[in-house]
Amino acid sequence: MENYLFIGNYADSDTNESDRDAENLGVFPTTPIDGSILQIVAMNQTDTNSNGGYGDSELGLPGEPASYDLGAGTVTTAPDMTTGANITVTLGDGTTRTFLALLVQMDNGDTFLRVRTH
Ligand SMILES: [Ca+2]
Ligand SMILES: [Ca+2]
Ligand SMILES: [Ca+2]
């Protein structure tokens, strides 16, 4: 189990499954997200091919299963797209910090940032 930060449900960012690119990254917001939708969730992932990582769907292969609960019951899906993204956070004192985070979108559109706790 790892913690991920849910940032909303967005349109499909990876529309061509025959390559390794994410064709449609413009679906993600470049303006501030309503903080009320943010939620930290425990992600349960399965390393189906035992390669030590959790793959998304690409080159015609399915992603490895992931399940989590956003509050309406456990959802099981799989990562569709994974990429690095520059994220800017505004802190309580109004200052901002920008950092590189792992952005993951599931087949159902749910989108998360990987939360590193170490
Ligand atoms: Ca693609
Ligand atoms: Ca794997
Ligand atoms: Ca994909």
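For ligands, and for the atoms within them, numbers begin at 1 and follow the listed sequence.
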Between the side chains of [X] and [Y], is a donor N or O closer than 3.5 angstrom to an acceptor N or O?
X      : Y     : result
Thr90  : Thr96 : no
Gln45  : Tyr4  : yes
Gln105 : Ser13 : yes

Self-check item: Closest non-hydrogen atom pair between Val27 and Tyr10, with its separation
Solution: O-CD2, 3.7 Å
Self-check item: Exercise: identify the closest heavy-atom pair between Ala66 and Pro79
Solution: CB-CD, 4.4 Å
Quiz item: Heavy-atom distance under 4.5 Å between the side chains of Leu91 and Arg97, does that happen here?
Solution: yes
Within [X], is some N, O or S atom less than 3.0 Å away from the Ca ion (ligand 3)?
X     : result
Ser57 : yes
Glu17 : yes
Glu58 : no

Exercise. Check Thr77, Asn9, Asp80, Thr111 against Met106 for a side-chain contact (heavy atoms from CB on, under 4.5 Å) and give me the one that passes.
Key: Thr77
Quiz prompt | Asp47 atom (N/O/S) at minimal separation from the Ca ion (ligand 2) | solution = OD1
Quiz prompt | N/O/S atom name from Glu64 that is nearest to the position of the Ca ion (ligand 2) | solution = OE1
Taking 3.0 Å as the cut-off, does an N/O/S atom of [X] lie below it from the Ca ion (ligand 2)?
X     : result
Gly53 : yes
Asn51 : yes
Thr48 : no

Self-check item: 3.0 Å cut-off met by an N, O or S atom of Asn16 to the Ca ion (ligand 1)
Solution: yes
Quiz item: What's the atom name of the N, O or S in Asp14 nearest to the Ca ion (ligand 3)?
Solution: OD2
Quiz item: Hey, which N, O or S atom on Asp19 ends up closest to the Ca ion (ligand 1)?
Solution: OD1
Exercise. Name whichever N, O or S atom of Asp21 ends up nearest to the Ca ion (ligand 1).
Key: O
Quiz item: Would a line drawn from the ring center of Phe112 to the ring center of Tyr68 be shorter than 6.0 Å?
Solution: yes
